[in-house]
A.B. asks: 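Got a structure for you, written out below as structure tokens; questions coming shortly.
Just so you know, residue 1 is the first one in the sequence shown, and it goes up from there. FYI, side chains are in, hydrogens and waters are out, and symmetry mates aren't considered; it's all heavy atoms of this structure.
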Amino acid sequence: MSAERTALTTRVGIVGGGPAGLMLSHLLARAGIESVVVEKRDKDTIHATHRAGILEAGTVRMLTEEGVDGRVLTEGHEHEGTVLRFRGHSHRIDFQELVGESVWLYPQNEVFWDLAAARERDGGDVRWSVTDTEVLDLESDTPRIRFTDADGTPVEIRCEVLVGADGSQSICRRAIPREARTDHFIEYPFAWFGILTEAPPSAPELIYANSDHGFALISQRSDTVQRMYFQCDPDEDVEAWDDERIWDELQRRVDGPDGFRLQRGPIFDKTVLKFRSYVCEPLRHGNLFLVGDAGHTVPPTGAKGLNLAFCDVRVLAPALVAALRDGDDSGLAAYSATALERVWKAQNFSYWATNLMHVRRDENPFEQKRRYGEFAAVTGSVHGSAYFAESYTGWPDA
């Protein structure tokens, strides 16, 4: 005989305790709307998972102006530009000069940690390490979340609105009937070989490098730890690469007549990151709303993943407040279309930047030279550079 479920009621049930789910819960609490967040992982596991670390200006403003924490400003690094490097020649895109904005280097796992601390500080109800999560009655006025709490107690949450913020393998998205959603996606014929290394920074800003050998990204993490990637096959075996081979490969991707050299150090993390572009349309089904990777994913080239999730939250949070506090459902009715307008802009930029920077196995000389012409058009024109700068730092909200 199964154990009786503990019944809870709340206004908004949120599946997924990553940055998007926690930020939404935080914003709702500031407006007096209660919510419960359920997350299958524990806090330490999420905090230890290294993820992308470039934050748009709008994301930084959300963190600092909405009372989360100021660590992004004190421990993050402001980048006023980035470097595009083709065939060994570097061209800096000056964000401040072109569009008057910056981005911040601040790891996603630290964004998570700040938000988790803010929810704990403010008495937020976040259930970590839950299992057997399922969502039900999405088209009703009282959708439900069922799960087993960390202490083994079966729980059922009854809410007015359910939000899926549970990542690219979202159970919430999969609960939407296939006939009620359209899945748009493409897969890329390459991946990123990523490393974390104990070394000083090789450059003050990110370097996006294209060469005949493929793409490389020279990024940073802190004053003593750096993050770097190079293009590889999706089935690449990380164990086949020792430190010396990795450094030699990264160096040949950035070699040029200026003699630029990478700062080397011991490598303590190696991984192959596969990626694809995906969008679920619509982002709403009944009283279920999808945010972040639950509804769309992008390749990491354009640094849009976490930022796009926060953009979803910036649309959904005020719409939920208007509906649940003021009885105005117009924002919820418009949520999917409003969020998707930006999602598709970000998909376009990420797809374009990925194909600009990477080399395909079957390319012919025409395609290679055409890419260099495109790069010259971007870096040789203030308008081309401004498009890159605005897309990278983030478009103004509609």
Side-chain angles (χ1 to χ4, degrees), residues 18-19 22-23 41 43-64 68-85 90 92-93 95-96 101-118 192-209 215-230 238 241 243-244 246-247 249-251 253-254 260-273 300-307 309-310 392-394:
L22 293 180
M23 177 57 85
R41 297 164 295 174
K43 286 191 293 185
D44 290 337
T45 296
I46 303 176
H47 190 216
T49 303
H50 296 287
R51 298 290 298 275
I54 292 294
L55 306 184
E56 294 177 357
T59 297
V60 173
R61 283 191 286 270
M62 286 183 75
L63 292 168
T64 56
V68 176
D69 197 292
R71 283 206 313 144
V72 64
L73 298 181
T74 58
E75 299 185 23
H77 298 274
E78 182 180 4
H79 286 190
E80 296 183 352
T82 196
V83 173
L84 304 184
R85 186 173 174 89
S90 291
R92 183 171 183 268
I93 306 294
F95 299 152
Q96 279 292 331
E101 292 283 15
S102 296
V103 295
W104 271 258
L105 179 74
Y106 190 63
Q108 179 173 324
N109 52 315
E110 297 303 328
V111 174
F112 159 78
W113 200 246
D114 293 343
L115 283 161
W192 281 5
F193 193 113
I195 67 164
L196 284 168
T197 177
E198 295 177 2
S202 293
E205 297 172 335
L206 272 65
I207 299 174
Y208 288 80
F215 168 77
L217 173 60
I218 310 306
S219 183
Q220 305 88 25
R221 180 54 59 90
S222 69
D223 292 337
T224 58
V225 174
Q226 313 309 320
R227 186 65 151 161
M228 302 183 192
Y229 304 90
F230 63 86
V238 296
W241 292 78
D243 284 19
E244 183 177 6
I246 290 171
W247 282 119
E249 186 62 32
L250 281 164
Q251 184 62 52
R253 305 284 177 103
V254 298
F260 175 71
R261 304 297 296 177
L262 296 172
Q263 297 290 327
R264 300 190 177 197
I267 295 170
F268 63 90
D269 183 77
K270 299 183 292 185
T271 186
V272 171
L273 176 63
T301 321
K304 285 283 161 276
L306 172 61
N307 295 297
F310 272 31
Y392 196 88
T393 60

A.B. asks: How many angstroms lie between CD in E244 and CD1 in I267, if you round to the nearest 0.5 Å?
C.D. replies: 10.5 Å
A.B. asks: Report the residues that fulfil ring-ring contact (aromatic ring centres under 6.0 Å, His included) with W241, sequence neighbours left out, ordered by chain and then residue number.
C.D. replies: F193, F230
A.B. asks: Q220 side chain to A203 main-chain N or O, any donor-acceptor pair under 3.5 Å?
C.D. replies: yes
A.B. asks: Would you say N307 and L55 make side-chain contact, with heavy atoms under 4.5 Å?
C.D. replies: yes
A.B. asks: By side-chain hydrogen bond (donor to acceptor under 3.5 Å, both in side chains), which residues pair with T45, not counting sequence neighbours?
C.D. replies: D42
A.B. asks: Are the side chain of S202 and the backbone N or O of Q263 linked by a donor-acceptor pair below 3.5 Å?
C.D. replies: yes
A.B. asks: I'd like to check D269 versus R227 (side-chain heavy atoms, cut-off strictly below 4.5 Å). Are they in contact?
C.D. replies: yes
A.B. asks: Restricting to non-hydrogen atoms, name the atom on R253 and the atom on A209 that form the minimum distance, rounded to 0.1 Å.
C.D. replies: O-CB, 3.9 Å
A.B. asks: State the CG-CG distance between L115 and L63, to the nearest 0.5 angstrom.
C.D. replies: 6.0 Å
A.B. asks: Roughly how far apart are I46 CD1 and F112 CZ, rounded to 0.5 Å?
C.D. replies: 4.0 Å
A.B. asks: So that I can tick it off, tell me whether K270 and D243 are bridged by a salt bridge, with the cut-off set at under 4.0 angstrom between side-chain N and carboxylate O.
C.D. replies: no
A.B. asks: Would you name the heavy atoms of V254 and I218 that are closest together and state the gap between them?
C.D. replies: CG1-CG1, 4.0 Å
A.B. asks: Kindly give the heavy-atom pair with the smallest separation between L250 and Y229, and that separation in Å.
C.D. replies: CD2-O, 3.5 Å
A.B. asks: Taking S219 for the side chain and M228 for the main chain, is one N or O donor matched with an acceptor at less than 3.5 Å?
C.D. replies: no
A.B. asks: May I ask you to test the T197-V225 pair for a side-chain heavy-atom distance under 4.5 Å?
C.D. replies: no
A.B. asks: With a 4.0 Å cut-off on N to O distance, would you call E101 and R61 a salt bridge?
C.D. replies: yes
A.B. asks: Start with the C-alpha distance between N109 and T49, add both sets of side-chain angles, then the distance that settles side-chain contact (heavy atoms from CB on, under 4.5 Å), and finish with yes or no.
C.D. replies: CA-CA 6 Å; N109 52 315; T49 303; 5.7 Å; no
A.B. asks: Hey, are the side chains of E75 and E110 touching, using non-hydrogen atoms and a 4.5 Å cut-off?
C.D. replies: no
A.B. asks: Do L206 and T82 have side-chain heavy atoms sitting under 4.5 Å apart?
C.D. replies: yes
A.B. asks: What pairs with E56 under side-chain hydrogen bond (donor to acceptor under 3.5 Å, both in side chains), at least two apart in sequence or on another chain?
C.D. replies: K304
A.B. asks: Evaluate the ring planes of F215 and Y208, with Trp represented by its six-membered ring, and classify them as parallel (under 30°), tilted (30 to 60°) or perpendicular (over 60°).
C.D. replies: tilted
A.B. asks: Which pair of non-hydrogen atoms, one from P201 and one from S222, has the smallest distance, and what is that distance?
C.D. replies: CG-O, 4.1 Å
A.B. asks: Do any N or O atoms from the side chain of E205 and from the backbone of H79 form a donor-acceptor pair under 3.5 angstrom?
C.D. replies: no
A.B. asks: Could you walk me through whether I54 and L105 satisfy the side-chain contact (heavy atoms from CB on, under 4.5 Å) test, starting with their C-alpha distance in whole Å, then the side-chain angles of each, then the deciding distance to 0.1 Å, before giving a yes or no?
C.D. replies: CA-CA 5 Å; I54 292 294; L105 179 74; 3.9 Å; yes
A.B. asks: Going from CD on E198 to CG on L196, what distance comes out if it is rounded to the nearest 0.5 angstrom?
C.D. replies: 10.0 Å
A.B. asks: Could you work out, with ring-ring contact (aromatic ring centres under 6.0 Å, His included) as the rule, every residue matching F260, not counting sequence neighbours?
C.D. replies: none
A.B. asks: Say whether, by atom type as modelled, one donor and one acceptor occur between the side chain of T271 and the main chain of G194 under 3.5 angstrom.
C.D. replies: no
A.B. asks: Given side chains that start at C-beta, do those of W247 and I195 come closer than 4.5 Å, heavy atoms only?
C.D. replies: yes
A.B. asks: Of the non-hydrogen atoms in L73 and W104, which two are nearest, and what is the gap between them?
C.D. replies: CD2-NE1, 3.9 Å
A.B. asks: Taking side-chain hydrogen bond (donor to acceptor under 3.5 Å, both in side chains) as the test, write out the residues that go with R41, two or more places apart.
C.D. replies: E39
A.B. asks: Decide yes or no for D114 and Y106: does some side-chain heavy atom of the first lie under 4.5 Å from some side-chain heavy atom of the second?
C.D. replies: yes
A.B. asks: For E80, enumerate each residue passing the side-chain hydrogen bond (donor to acceptor under 3.5 Å, both in side chains) test, keeping only those at least two apart in sequence or located in another chain.
C.D. replies: none
A.B. asks: Ignoring hydrogens and geometry, is there a side-chain-to-backbone donor-acceptor pair from W113 to D44 under 3.5 Å?
C.D. replies: no
A.B. asks: Identify the two heavy atoms, one from P19 and one from L306, that lie closest to each other, and give their separation to 0.1 Å.
C.D. replies: CB-CD1, 3.6 Å
